[in-house]
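Right, one structure below, let's go through it.
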Amino acid sequence: MQARLNLFGQPLTGTFLKHLNAAGKALADSGLPAATQELVKLRASQINGCGFCTDMHAKDAAEAGETALRLNLVAAWREATVFTEAERAALELTEQGTRIADAAGGVPDEVWARAAEHYDEEQLTALVLLIGFINFYNRVNVAVRQPAGSYRPGQFA
C-alpha cells in the first residue's frame, strides 16, 4: 500500500507538524498519566480505522512498558478486567468524544461525570484536548491512506 499523498515530502507539513508536535508535547507533559494517554490514542485510532496511528501507539505503549494483554484488550475494554476505573472512564470519554456524529447530544452527562470522578480539571482538559488531537491525526492519516506497520518506537520524537 502506498499513501495517496507524501505528506512528509511537503514543506507545509514540516512547518505545520512542528507546531502541532509542540502542542502534543504540552499534552504529554500534562498531569494525565502517560499510560492513559497511550490507551486513549490507541482506542481512538482503532475506532477511526487509522492503521498508522494504531501501529504507532501500540508500539509506543509497549516500549513504555504497557503489557501485551492490556494492549490486546483495548478494543474490548468494557469486558476486560485489566483496566482501572479511571482508565475505563477515559476510554469511555474517548469513544464518546470520537463518535460525536453518532450521538445527537454529543458526550452524555453521565460519561462526563464518570471521567470527572477520576480526573481533576487540568487532567480533564488534557484528556479532551488529547481526544481531539488524536482524532485530527487519525483523520489526516486515513484520508491519505498512510500505510501502517513500519513505525519504530520513538521515530518522531
Side-chain angles (χ1 to χ4, degrees), residues 1-66 70-72 74-75 77 83 86-108 111-112 115-116 118-157:
M1 181 175 175
Q2 187 172 340
R4 290 175 168 159
L5 178 66
N6 179 5
L7 287 175
F8 300 109
Q10 301 297 318
L12 175 60
T13 303
T15 302
F16 187 81
L17 290 181
K18 179 177 94 174
H19 297 289
L20 200 58
N21 288 338
K25 175 89 168 91
L27 292 173
D29 294 343
S30 73
L32 188 63
T36 301
Q37 291 188 42
E38 288 302 328
L39 295 174
V40 163
K41 290 184 277 189
L42 180 57
R43 185 64 190 125
S45 299
Q46 291 170 337
I47 291 167
N48 289 320
C50 183
F52 185 82
C53 288
T54 298
D55 179 42
M56 173 190 291
H57 297 298
K59 288 174 179 175
D60 283 347
E63 182 78 8
E66 189 58 79
R70 284 170 42 98
L71 291 175
N72 290 333
V74 168
W77 65 267
F83 301 105
E87 290 168 337
R88 296 170 68 74
L91 289 166
E92 184 177 30
L93 185 60
T94 300
E95 287 191 358
Q96 293 296 321
T98 297
R99 294 182 165 139
I100 287 177
D102 297 341
V107 175
V111 171
W112 184 264
H118 301 283
Y119 301 102
D120 62 27
E121 284 198 14
E122 179 183 337
Q123 292 170 319
L124 281 170
T125 299
L127 185 55
V128 168
L129 293 174
L130 181 64
I131 292 165
F133 189 71
I134 190 60
N135 273 279
F136 167 79
Y137 268 115
N138 291 163
R139 281 155 174 74
V140 169
N141 286 322
V142 169
V144 301
R145 291 188 179 159
Q146 191 66 38
S150 63
Y151 176 78
R152 295 176 319 281
Q155 179 176 336
F156 298 117

Considering all heavy atoms of both residues, which atom of [X] and which atom of [Y] are nearest to each other, and what is their separation?
X: A126; Y: S30; answer: CB-OG, 3.4 Å
X: S150; Y: Q155; answer: O-OE1, 4.0 Å
X: C50; Y: N141; answer: SG-CB, 3.5 Å
X: A35; Y: E66; answer: CB-OE1, 4.1 Å
X: D60; Y: P153; answer: OD1-CA, 3.3 Å

- Going through the distances and angles, do F83 and L39 end up as a side chain to side chain contact (heavy atoms under 4.5 Å, CB included)? CA-CA 10 Å; F83 301 105; L39 295 174; 4.0 Å; yes
Where the side chain of [X] meets the backbone of [Y], is there a donor-acceptor pair that is under 3.5 Å apart?
X: T98; Y: A44; result: no
X: D55; Y: G51; result: no
X: D120; Y: Q123; result: yes
X: Y119; Y: A86; result: yes
X: R43; Y: E95; result: no
X: K59; Y: G154; result: no

Student check: side-chain heavy atoms of [X] and [Y] closer than 4.5 Å:
X: K41; Y: Y137; answer: no
X: E87; Y: P33; answer: no
X: L27; Y: L32; answer: no
X: I134; Y: H57; answer: yes

- Count the heavy atoms of every other residue, nucleotide or ligand shown that sit under 6.0 Å from CZ of R145, and state whether that count exceeds 12.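 12 or below, so no.
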- Take atom CZ of R152 as the centre, draw a 6.0 Å sphere, and report whether it contains more than 12 heavy atoms from other residues, nucleotides or ligands.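 Atom CZ in R152 is not crowded, with 12 or fewer foreign heavy atoms closer than 6.0 Å.
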- Aromatic rings F16 and F136: how do their planes relate, parallel, tilted or perpendicular, breaks at 30° and 60°? tilted
Distance, nearest 0.5 Å, that separates [atom1] of [X] from [atom2] of [Y]:
X: N48; Y: R99; atom1: CG; atom2: CZ; result: 8.5 Å
X: T94; Y: L130; atom1: OG1; atom2: CG; result: 7.0 Å
X: Q37; Y: F133; atom1: CD; atom2: CZ; result: 10.0 Å
X: Q96; Y: L93; atom1: CD; atom2: CG; result: 8.0 Å

